[in-house]
Colleague: 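Before anything else, here's the structure in question.
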Amino acid sequence: MRVMTGHTRAVRSVWLGPDGRRALSGGDHRERVRRLWDTETGECLRTFDGCSSSGARLTGDGRFAVCDGREGIEVWNVGTGRCFPLPEAKGDGPPAAVPTPDGRYVVAGDSAGRVRVWEIDWEQTVSDPSRVTRG
């Protein structure tokens, strides 16, 4: 068993990458940090500071983290640590968001009973977040 430490408050979410070599963990809303771990060495590879989310999931290729929380939905570039919020992703209460297995869409539901779908062109979005489209 490997124990990975670094969060200063309770861990509220954990997501294992598709290859099992990386894990993404999220502290509670007061800590506002997500951590990307190497599961083989236990090393923290990157922290995502200021993340307002309560949940976090990696895309199928492991290049992006989709985080949901009280302030909306954020997509983080795992390689650069850059964050961009999805447009119109704030709703009544914290949303629950997940990327589709192929990473082409982000799907989210909120406490008002709505389900929304965003189509993401990851290459363009990384350089220009305004290129995200809502479906």
Side-chain angles (χ1 to χ4, degrees):
M1 177 177 81
R2 181 168 318 283
V3 177
M4 295 172 272
T5 59
H7 285 284
T8 60
R9 303 192 71 87
V11 173
R12 298 289 184 203
S13 67
V14 178
W15 189 263
L16 188 62
D19 60 7
R21 294 185 313 183
R22 295 191 295 178
L24 185 64
S25 62
D28 70 15
H29 68 279
R30 293 169 288 192
E31 184 182 28
R32 299 179 63 91
V33 171
R34 301 298 164 260
R35 295 182 182 278
L36 182 68
W37 304 95
D38 180 314
T39 58
E40 294 175 6
T41 67
E43 175 186 3
C44 180
L45 301 173
R46 179 173 296 279
T47 59
F48 304 99
D49 296 318
C51 192
S52 68
S53 69
S54 55
R57 292 143 189 94
L58 292 169
T59 56
D61 61 9
R63 296 185 322 153
F64 298 91
V66 176
C67 302
D68 52 41
R70 296 186 184 278
E71 296 174 26
I73 300 167
E74 302 161 336
V75 177
W76 294 77
N77 181 314
V78 170
T80 67
R82 183 170 179 218
C83 172
F84 61 91
L86 290 182
E88 301 179 41
K90 290 186 179 184
D92 298 327
V98 64
T100 56
D102 65 3
R104 185 171 173 197
Y105 300 95
V106 172
V107 181
D110 64 26
S111 61
R114 296 176 294 227
V115 175
R116 298 179 184 183
V117 179
W118 289 265
E119 182 174 10
I120 310 265
D121 181 333
W122 295 107
E123 297 307 319
Q124 290 183 3
T125 300
V126 171
S127 61
D128 182 5
S130 68
R131 302 288 304 234
V132 178
T133 59
R134 193 179 112 213

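Sequential numbering from 1 along the given sequence is applied to the chain's residues.
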Colleague: Among residues at least two apart in sequence or on other chains, which ones pass salt bridge (Lys or Arg N to Asp or Glu O under 4.0 Å) with Arg46?
Modeller: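 With neighbours one apart ignored, the set is empty.
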Colleague: If every non-hydrogen atom of Asp38 is compared with every non-hydrogen atom of Met4, which pair is closest and at what distance?
Modeller: O-SD, 4.1 Å
Colleague: Quick one: closest heavy-atom pair of Trp37 and Leu45, and the distance?
Modeller: C-CD1, 4.0 Å
Colleague: What pair of heavy atoms forms the shortest contact from Trp76 to Cys67, and how long is it?
Modeller: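 Taking every non-hydrogen atom into account, CD1-SG, 3.6 Å.
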Colleague: Among all residues two or more places apart in sequence or in another chain, which pass the side chain to side chain donor-acceptor pair (under 3.5 Å) test with Arg57?
Modeller: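 So Arg57 forms a side chain to side chain donor-acceptor pair (under 3.5 Å) with Asp68.
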Colleague: Check whether Thr39 reaches the backbone of Arg21 with its side chain - one donor and one acceptor, N or O, closer than 3.5 Å.
Modeller: yes
Colleague: Verify side-chain contact (heavy atoms from CB on, under 4.5 Å) between Phe48 and Val33, making sure each step is shown before the conclusion.
Modeller: CA-CA 6 Å; Phe48 304 99; Val33 171; over 6 Å; no
Colleague: Hey, is the main chain of Phe64 close enough, under 3.5 Å, to the side chain of Thr59 for a donor-acceptor pair?
Modeller: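 Yes, Thr59 side chain to Phe64 backbone: donor-acceptor pair under 3.5 Å.
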Colleague: How close do Ala65 and Leu24 get, heavy atom to heavy atom, and via which atoms?
Modeller: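 Nearest heavy atoms, Ala65 then Leu24: CB-CD2, 3.6 Å.
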Colleague: Where is the tightest heavy-atom contact between Ala108 and Trp118, given as atom of each residue plus distance?
Modeller: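 Minimum heavy-atom separation between Ala108 and Trp118: CB-CZ3, 3.7 Å.
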Colleague: Quick one: side chain to side chain donor-acceptor pair (under 3.5 Å) partners of Thr5, sequence neighbours excluded?
Modeller: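 Residues passing side chain to side chain donor-acceptor pair (under 3.5 Å) with Thr5: none at all.
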Colleague: Who else is in the cluster with Val11 when I, L, V, M, F, W and Y are joined by side-chain contacts under 4.5 Å?
Modeller: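 Reading the cluster by chain and number, Val11 sits alongside Val14.
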Colleague: Hey, are Arg104 and Asp102 close enough for a salt bridge, meaning a charged N less than 4.0 Å from a carboxylate O?
Modeller: no
Colleague: Check whether any side-chain heavy atom of Arg35 sits under 4.5 Å from a side-chain heavy atom of Thr47, and report yes or no.
Modeller: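 Heavy-atom side-chain distance check passes, below 4.5 Å.
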Colleague: With Val115, which residues qualify under side-chain contact (heavy atoms from CB on, under 4.5 Å), at least two apart?
Modeller: Val107
Colleague: Which pair of non-hydrogen atoms, one from Leu58 and one from Pro99, has the smallest distance, and what is that distance?
Modeller: O-CG, 3.8 Å
Colleague: For Trp15, enumerate each residue passing the side chain to side chain donor-acceptor pair (under 3.5 Å) test, keeping only those at least two apart in sequence or located in another chain.
Modeller: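 Applying side chain to side chain donor-acceptor pair (under 3.5 Å) to Trp15 gives none.
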Colleague: If only atom types and distance count, is the side chain of Arg63 paired as donor or acceptor with the main-chain N or O of Gly79 below 3.5 Å?
Modeller: no
